[in-house]
*Asks:* 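Next up is a structure, given as structure tokens.
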Amino acid sequence: MHRRLFMKSSAAAALAAGLPAAPALAQEPADFHIAAVLAFSGAYGIIGKDMRQGVEIAVAERQGRVLGKPIRISWEDDETRPQPAVQKATRLLANGAQMIFGAVGSASTLALQSLADQRKVPLLVTISADDKITRVGGSRYTFRTSNTLGMEIRMCVEFAKARGLKKIYGVTADYQATRDGWDLFQAEAKKVGIGIVGNDYAPLGNRDFSVIVDKMAKSDADGIAVMITGNDAVTFLKQSGQVGLGKTKAQFGPVLQDETLAAAVGPASVGVFSGVRYHFSVDNPANKKFVEAYRAKYNEWPSSFAGEAYDGMSWWLDVVDATKSWDREKWVEAFRTSTRENSVEGRKVMRACDQQAAQVGLWGEVVEGQAPLPPLTMKITNTFDAANLFEAC
Amino acid sequence: MSTIVIGLSLSFLLFLLAAGLTLIFGMLGVINFAHGALYMLGAYVCFQIVNWTGSFWIGLLLAPIVVAALGAAMEMSALKPVYERDHIYQLLLTFGFILVIEEAVKIVWGLDYKQVPTPDLFSQPVALFGSQIPSYRLFIIGFGATVSLALFLLLERSRLGMVIRAASSDADMAQTLGIDVAKVRTAVFALGAGLAALGGVVAAPLVPIELGMGFSVIIDCFVVVIIGGLGNIRGAILAALLLGMARAAGFTYAPEWVELITFVLLIATLLTRPAGFFSRKGRAA
């Protein structure tokens, strides 16, 4: 008898183990679990904190709930490296996370993208700019609500054209994405009759630009295209400022300055032009509401990282909520054809072809700010139309 | 000519960065992985002093002293017990110092960039050889040359230098002769830490002050120290000059090859003169 029972139980267990798992989409989990994998240390360590603050405002605005369930966010530090990003996201997905938010560096984001595709989990990108992240025929599960590098490069050309610059000298970070960006800039500049008089590739993490600055100063260029960002951009502008390069030539770049970087450069940043992904001064009701909430909670102006994170997460959660479903495929289908009319940067349209948000491009100049603005603040000088910044697909 | 001036400024900056590392190795036989972290700490302390006093010069004077005092405390509390053990313990210990210093800096100053402005005295460029040279670069050349000369005289021509060299080459004999070797070691480590901080202070007006700045500089320090010969101050000066001038020429004529030039120099040294291009048999510092 006992033997028969044992055999029956074993057979039932074996059958259960062999059956395909019940589809996760049919179940209603206890909460909406987001795997947030950002850089809280390493080269982009400062960015993760701002992004987290932006997302927390987005979650608080909806009383911490979506699809009638509480939102739970697991924050993980990828140390600005792809390997920890994948390891930590994998662990969170194993623990039931329904989506991934991140990363900061494009290398980490591309690594997460493969994981998202394998696991059929949505990946929301709000800062990484590598053009490869969103492309026609690319990942079904990856969405970017922020700028692409290509879009920012086109803004540089639009600025050079509007400013009447005729000859450009460039400095480009020596890695593939920025090399591609420089190639695009050259090609687009040529189309509008702007000449390139020189370009130097500088290694990432370069601490001395003095020779390159000297070559730029001696050239007959009227514009300096700076295709570097972060620490390298700060180093370049500090050192170009020591010879007053900006007094005779317009210095500009796709992601050259914001309030954080300007504070690191100091007075030499005044008069530098840059693409701006998001800015707290954008005059629309959605942005005013966000800035007010952000300043009330953190007593600081939201950075572009915070603004983009807030915007992307708010948009995503609204779309998910509207599906009234826990089916991830439905979220993906809904988001890829969605439009954000009340974005903090104006209207954003998710392009179904590459899952990239088409949006206006903001361009600004560093100026001296009056309190309560930061002492060095971006003044938005141009808003470029999306039609001029994105190739049709 | 402007390339030579810029090359000299690169060279002396490199020397200031690497001097402390080579000094500590030459005298104590310790490869101080925390050198970059001490360099970073020097820049942060300078930032704080400039913030309080508004004077870069006070920062230049005090920040190395503060970090040297910390270096002395590190040596007495942690390094002293492991001198007689295998080198791996010293490596692990100095690696641990990096983590502690970085966490402390994060707690005190946060993750935001900090900024030290160029001192007013050197804020304007100078026209030299058809180029606008930042006057701060000329200061670096003069200051770096002075520090290297002072170190050379201290270690090679002074009684104190003789005591330090005696303690490093035969600690037991020096102890027998009445030299307090423990104190000499503490002083040397403090001096090395202070030199690292001095490098951070001098670099502060040129680069962003942030947590990762120590990591990026340590590779350059090791390149200088390996080419010059581990523990050889004179070699470090010559290696810094070689590397700085090669980089200036590289950035002028072939910027894409600068990194390659640096590492070709390093590999050539390791293949042909593993003890360093400027080492002399039997010498330390």
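Below, chain A is the first sequence line, B the second, and so on; all start at residue 1.
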*Asks:* Specify whether A/Phe236 and A/Phe209 have parallel, tilted or perpendicular ring planes, treating 30° as the upper limit for parallel and 60° as the lower limit for perpendicular.
*Replies:*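 Rings of A/Phe236 and A/Phe209: perpendicular, over 60°.
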*Asks:* So which part of A/Asp232 gets closer than 4.5 Å to some heavy atom of chain B, the side chain, the backbone, both or neither?
*Replies:* neither
*Asks:* Between the side chains of A/Asp200 and A/Tyr169, is a donor N or O closer than 3.5 angstrom to an acceptor N or O?
*Replies:*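 A/Asp200 vs A/Tyr169: donor-acceptor pair found between side chains.
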*Asks:* Need one label for B/Val258: side chain, backbone, both or neither, based on atoms under 4.5 Å from any heavy atom in chain A.
*Replies:*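 B/Val258 has no heavy atom closer than 4.5 Å to chain A.
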*Asks:* Measuring heavy-atom distances to chain B, does A/Ala217 have an atom under 4.5 Å in its side chain, in its backbone, in both, or in neither?
*Replies:*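 Contact with chain B involves no heavy atom of A/Ala217 at all.
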*Asks:* Measuring heavy-atom distances to chain A, does B/Glu259 have an atom under 4.5 Å in its side chain, in its backbone, in both, or in neither?
*Replies:* side chain
*Asks:* Under 3.5 Å, side chain of A/Thr178 to main-chain N/O of A/Gly181, donor-acceptor pair present?
*Replies:* no
*Asks:* Which of the residues A/Lys49, A/Lys218, A/Lys238 is involved in the greatest number of heavy-atom pairs with chain B at under 4.5 angstrom?
*Replies:*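 Ranked by contacts with chain B, first place is A/Lys238.
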*Asks:* Under 4.5 Å, counting heavy-atom pairs only, tell me which of B/Gly250, B/Gly212, B/Pro205 racks up the most with chain A.
*Replies:*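 The residue among B/Gly250, B/Gly212, B/Pro205 with the greatest pair count is B/Pro205.
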*Asks:* Between A/Thr260 and B/Asp112, is there a side-chain donor-acceptor contact under 3.5 Å, judged purely by atom types and distance?
*Replies:* no
*Asks:* Quiz question: by atom type and distance under 3.5 Å, do the side chains of B/Ser131 and A/Asp214 form a donor-acceptor pair?
*Replies:* yes
*Asks:* Using 4.0 Å as the upper bound for N to carboxylate O, is an ion pair formed by A/Arg52 and A/Glu56?
*Replies:*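 Salt bridge: yes.
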*Asks:* Is it the backbone or the side chain of B/Val126 that comes under 4.5 Å from a heavy atom of chain A, or both, or neither?
*Replies:*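 Neither part.
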*Asks:* Is B/Thr252 in contact with chain A via its backbone, its side chain, both, or neither, using a 4.5 Å heavy-atom distance?
*Replies:* both
*Asks:* Is there a donor-acceptor contact under 3.5 Å linking the side chains of A/Ser210 and A/Asp208?
*Replies:*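 A pair is found: one side chain offers a donor N or O, the other an acceptor, under 3.5 Å apart.
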*Asks:* Given a strict heavy-atom distance threshold of 4.5 Å, which part of A/Val213 is in contact with chain B: side chain, backbone, both, or neither?
*Replies:*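 Contact with chain B involves no heavy atom of A/Val213 at all.
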*Asks:* Do you see a donor-acceptor pair shorter than 3.5 Å between the side chains of A/Gln251 and A/Ser240?
*Replies:*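 There is such a pair (donor and acceptor under 3.5 Å, judged by atom type) between the side chains of A/Gln251 and A/Ser240.
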*Asks:* If you tally heavy-atom pairs under 4.5 Å against chain A, which of B/Pro134, B/Ala254, B/Ser123 wins?
*Replies:* B/Pro134
*Asks:* Measure distances from B/Pro208 to the heavy atoms of chain A and classify the residue's part below 4.5 Å as side chain, backbone, both or neither.
*Replies:*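 Both backbone and side chain.
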*Asks:* Does A/Lys88 come within less than 4.0 Å of A/Asp78, counting only side-chain N to carboxylate O?
*Replies:*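 Here A/Lys88 does not pair with A/Asp78 in a salt bridge, since their nearest N and O are not under 4.0 Å apart.
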*Asks:* Non-hydrogen atoms of chain A under 4.5 Å away: do they reach the side chain of B/Leu211, the backbone, both or neither?
*Replies:* neither
*Asks:* I'd like to verify something: which residue of A/Ile212, A/Val243, A/Val234, A/Asp174 has the highest number of heavy-atom pairs under 4.5 Å with chain B?
*Replies:* A/Val243
